[in-house]
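These notes concern the structure reproduced below.
In what follows, every heavy atom counts, from backbone to side chain, and hydrogens, waters and symmetry copies are set aside. Position 1 is the first residue of the sequence, and the numbers go up from there.
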Amino acid sequence: MPRPANQQLNDLVGLIIPFGYAAMGYYLVSSAEVFEEQGILSATVAYVLGGLFFAYALLKAYWAFSKWRRNQEEE
């Protein structure tokens, strides 16, 4: 029997959210020099923050995928 629609939607959102974190990380890394020129952040801080966002996106995607796989095995 298929899982309820709200649980399937939660799984889908859980797999989509890491793309937002990865996009923020990419934006910070690709715009690091601009941030430094404008005095917003130093380039080093922007690179570190971008890397942290990207690493968290990978971790979040792993958690969502393992949860999805676990739910598939329970059915």
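- Placement of L58 and V13 in two distinct hydrophobic clusters is found when ILVMFWY residues are connected by side-chain heavy-atom separations under 4.5 Å, directly or transitively.
- Scanning both residues, V29 and G50, for their nearest heavy atoms gives CG2-CA, 3.8 Å.
- Note on F54 and I16: separate hydrophobic clusters, where clusters join Ile, Leu, Val, Met, Phe, Trp and Tyr whose side-chain heavy atoms are under 4.5 Å apart, directly or indirectly.
- Rounded to the nearest 0.5 Å, atoms CZ (R70) and CD (E73) are 9.0 Å apart.
- Grouping the Ile, Leu, Val, Met, Phe, Trp and Tyr side chains by contacts below 4.5 angstrom, directly or via other members, places L52 apart from L59.
- Under the 4.5 Å side-chain heavy-atom criterion for Ile, Leu, Val, Met, Phe, Trp and Tyr, Y62 and Y21 are members of the same hydrophobic cluster.
- With hydrophobic clusters built from ILVMFWY side chains whose heavy atoms lie under 4.5 angstrom apart, M24 shares a cluster with Y56.
- A ring-centre distance under 6.0 Å is found for Y27 and F35.
- To the nearest 0.5 Å, atom CD of residue Q7 and atom CH2 of residue W68 are 15.0 Å apart.
- Scanning both residues, E36 and A43, for their nearest heavy atoms gives OE1-CB, 3.3 Å.
- No donor-acceptor distance shorter than 3.5 angstrom exists from the side chain of S31 to the backbone of L28, with no hydrogens or angles considered.
- Separating the CG atom in L15 from the CG atom in N10 is a distance of 11.0 Å, to the nearest 0.5 Å.
- Of all heavy-atom pairs spanning A57 and A22, the tightest one is CB-N, 3.5 Å.
- Closest of all the heavy-atom pairs between G14 and A64 is O-CB, 3.2 Å.
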